[in-house]
Amino acid sequence: MNTGQDTRLSEASRGKITENIVHFARTLRKAGLPIGPASVVEAVEAVVISGLRNRDDLYWTLHAVFVNKHEQQPVFDEAFRIYWKTHGLVEKLLSILSPVAPAGPKEPEKPKVGQTRLSQAFETNRKREAAETRPQVEVDARFTVSEREVLQKKDFAQMTATEIAQARRALQSIQLPLDKVATRRLVPAGRGRIDPRRTLRASLRAGGNVIDLRHRKRAEQHPPIVALCDISGSMSQYTRVLLHFLHALSEKRRVQTFLFGTRLTNITRDLTRKDPDEAFLLCTDSVADWSGGTRIAHALYEFNRKWSRRVLSGGPIVLFISDGLERQEDSMLEWEMDRLHRSCRRLVWLNPLLRFDQFEAKARGIRALLPHVDEFRPVHSLDAVADLCIALGDRGKSNHRAHDPRQWLHRVA
């Protein structure tokens, strides 16, 4: 009788352990970790077999099963801290596996990496559980305005925190068109120029009796992107959102990103982190002049003197993201902008002030920069970013006249 009762208790305890670990694994999966059913079974067996004594044993047991790469570590840490601290789940689990549950250690310091995605994952679980018990209501939305359509046209500065999170996810899904350009490097091809070296080697294999012509052509690649982003007080909110677009873009092509306020900072290496939360945390720590003043002329001078030869090779497209409100009134700004324009394939100025219908290029800094850019475009909404992506490809050449910077100078002249 006692043996049967112990067996029933162990089965009930195992069911509680399995339920908690399944919910925890589901949260990790929603946060981006590749966790399948086999990993969940292994985690349950490992927890039951290992005989946990404290919180650290549970952490490292689950860590050994669920974490396979270094970049998954911050997300797992944040998920473990949030999930297992609620309702004393660790203490309840230890009380099941051992007769006396020891007191847990102090809570670790709050890590910031992965916190946004994990909070969304927990919120998704709560909404799904509430939806299962909520009565179904049918709504006729034929004559309503699409929420996505409103978000596409809404200004970044007027968005709520929830809308900004949705905009960041939308920016990460925007793709540039196929704007490949020919390079000087030659690669093997089925047609094109005759490749003498490969042709001679192919004929030697046949003893020189057969000449098999081999061809080559110029290789094609996407032109690199160089982004110069203003982080002054009037531009910081727009730059924070656009960094998500540059982070997603850096996974598909070569992107060099610089931030400038009162000084110039290269954050290209920080944006190469796969986890966006970790990347932006490193960017924030490495930049000391965020939301401060602006010195555009000094930043351009430092970029042209220290970085132009390193990052402007290969004919890149330069994205200059700023409102152009320069405090220094001298000829240095125009000189440095002209030098940057001569060193790149295309120079596109993205200015959020163009969102205003009454905008006029009257500021001295704006008038000094406009003659030295190829395009002058808005960058205040998702639609503006999508139009930029289309314009960077071949399909956007027909629409360049609408964004010609010279027309803004003629309006004020």
Side-chain angles (χ1 to χ4, degrees), residues 71 113 156 164 167-176 179 221-232 234-292 294-296 298-324 336-337 340-341 343-352 373 375 377 379-380 384-385 388-389 392:
E71 56 266 19
V113 177
F156 291 145
I164 289 179
R168 288 173 177 174
R169 292 193 295 270
L171 286 174
Q172 292 179 354
S173 62
I174 293 179
Q175 297 182 359
L176 287 178
D179 56 340
Q221 66 178 10
H222 294 288
I225 302 292
V226 177
L228 299 175
C229 306
D230 190 349
I231 56 172
S232 59
S234 58
M235 285 292 301
S236 61
Q237 190 166 2
Y238 294 96
T239 302
R240 287 181 185 275
V241 179
L242 291 176
L243 283 180
H244 286 264
F245 170 66
L246 296 174
H247 176 267
L249 189 61
S250 62
E251 298 180 355
K252 305 171 184 177
R253 62 173 65 189
R254 185 159 59 95
V255 179
Q256 302 285 338
T257 306
F258 296 83
L259 302 181
F260 68 89
T262 57
R263 66 190 72 178
L264 184 71
T265 306
N266 185 2
I267 62 168
T268 303
R269 183 172 298 179
D270 297 335
L271 285 184
T272 56
R273 300 298 181 95
K274 292 185 178 181
D275 192 305
D277 296 331
E278 184 180 3
F280 300 138
L281 177 62
L282 293 176
C283 293
T284 304
D285 294 339
S286 61
V287 177
D289 55 341
W290 200 290
S291 297
T294 176
R295 299 170 60 191
I296 302 177
H298 178 75
L300 291 177
Y301 168 75
E302 186 175 356
F303 176 81
N304 290 329
R305 185 169 64 93
K306 295 182 179 180
W307 297 99
S308 60
R309 292 186 179 180
R310 306 182 190 180
V311 302
L312 294 182
S313 60
I317 298 175
V318 177
L319 303 179
F320 182 70
I321 307 173
S322 175
D323 53 10
E336 296 297 338
M337 196 65 173
L340 176 63
H341 187 206
S343 303
C344 62
R345 182 185 303 273
R346 287 169 61 187
L347 179 55
V348 182
W349 185 3
L350 305 177
N351 193 332
V373 299
E375 296 181 42
R377 291 180 168 273
V379 68
H380 62 287
V385 178
L388 169 66
C389 295
L392 293 180

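Keep in mind that what you see is a predicted model, and the values were worked out from it rather than measured.
A search for side chain to side chain donor-acceptor pair (under 3.5 Å) contacts involving Ser322 returns Asp230, not counting sequence neighbours.
At distances below 3.5 Å, not a single donor-acceptor pair connects side-chain atoms of Arg273 with backbone N or O atoms of Ala279. Judged by distance alone, the side chain of Thr239 and the main-chain N or O of Ile231 form no donor-acceptor pair under 3.5 Å. Under a 3.5 Å cut-off, the side chain of Asp289 and the backbone N or O of Thr262 do form a donor-acceptor pair.
Residue-environment remark: CZ (Arg240) exceeds the threshold of 12 foreign heavy atoms within 6.0 Å. Other residues, nucleotides and ligands contribute more than 12 heavy atoms inside 6.0 Å of the CZ atom of Phe258.
The line from NE2 of His244 to CG of Leu271 is 10.0 Å long, rounded to the nearest 0.5 Å. Note that the OG atom of Ser250 and the CZ atom of Arg269 stand 14.0 Å from one another [nearest 0.5 Å].
Side-chain contact between Leu228 and Phe260: present, with at least one pair of heavy atoms (C-beta onward) separated by less than 4.5 Å. At least one side-chain heavy atom of Phe245 sits under 4.5 Å from a side-chain heavy atom of Val385. Residues Leu340 and Leu312 meet the side-chain proximity criterion, which asks for heavy atoms closer than 4.5 Å. Contact check for Ile317 versus Pro224: no side-chain heavy atoms found under the 4.5 Å cut-off. Within the 4.5 Å cutoff, the side chain of Arg253 has heavy atoms near those of the Ile225 side chain. Here the side chains of Leu319 and Trp349 are not in contact, with every heavy-atom distance at 4.5 Å or above. Looking only at side-chain heavy atoms (C-beta outward), Asp270 and Ser286 come within less than 4.5 Å of each other. Between Leu243 and Leu259 there is a side-chain heavy-atom pair separated by less than 4.5 Å.
What you find for Asp323 and Ser234 is that their closest heavy atoms are OD2-OG, 2.5 Å. The minimum heavy-atom distance between Ala299 and Leu264, with the atom names listed, is O-CD2, 4.0 Å. The two atoms that bring Arg377 and Leu388 nearest to each other are CD-CD1, 4.2 Å, heavy atoms only. In terms of heavy-atom proximity, Pro223 sits nearest to Arg345 at CB-NE, 4.0 Å.
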CA sep, side-chain torsions, deciding dist, call: Leu347, Phe320, side chain to side chain contact (heavy atoms under 4.5 Å, CB included): CA-CA 7 Å; Leu347 179 55; Phe320 182 70; 4.3 Å; yes
Evaluation steps, side chain to side chain contact (heavy atoms under 4.5 Å, CB included), between Cys229 and Leu246: CA-CA 11 Å; Cys229 306; Leu246 296 174; 3.9 Å; yes
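Applying the salt bridge (charged side-chain N to carboxylate O under 4.0 Å, His left out) test to pairs two or more places apart or on separate chains, those with a residue in residues 301-321 are Glu302-Lys306.
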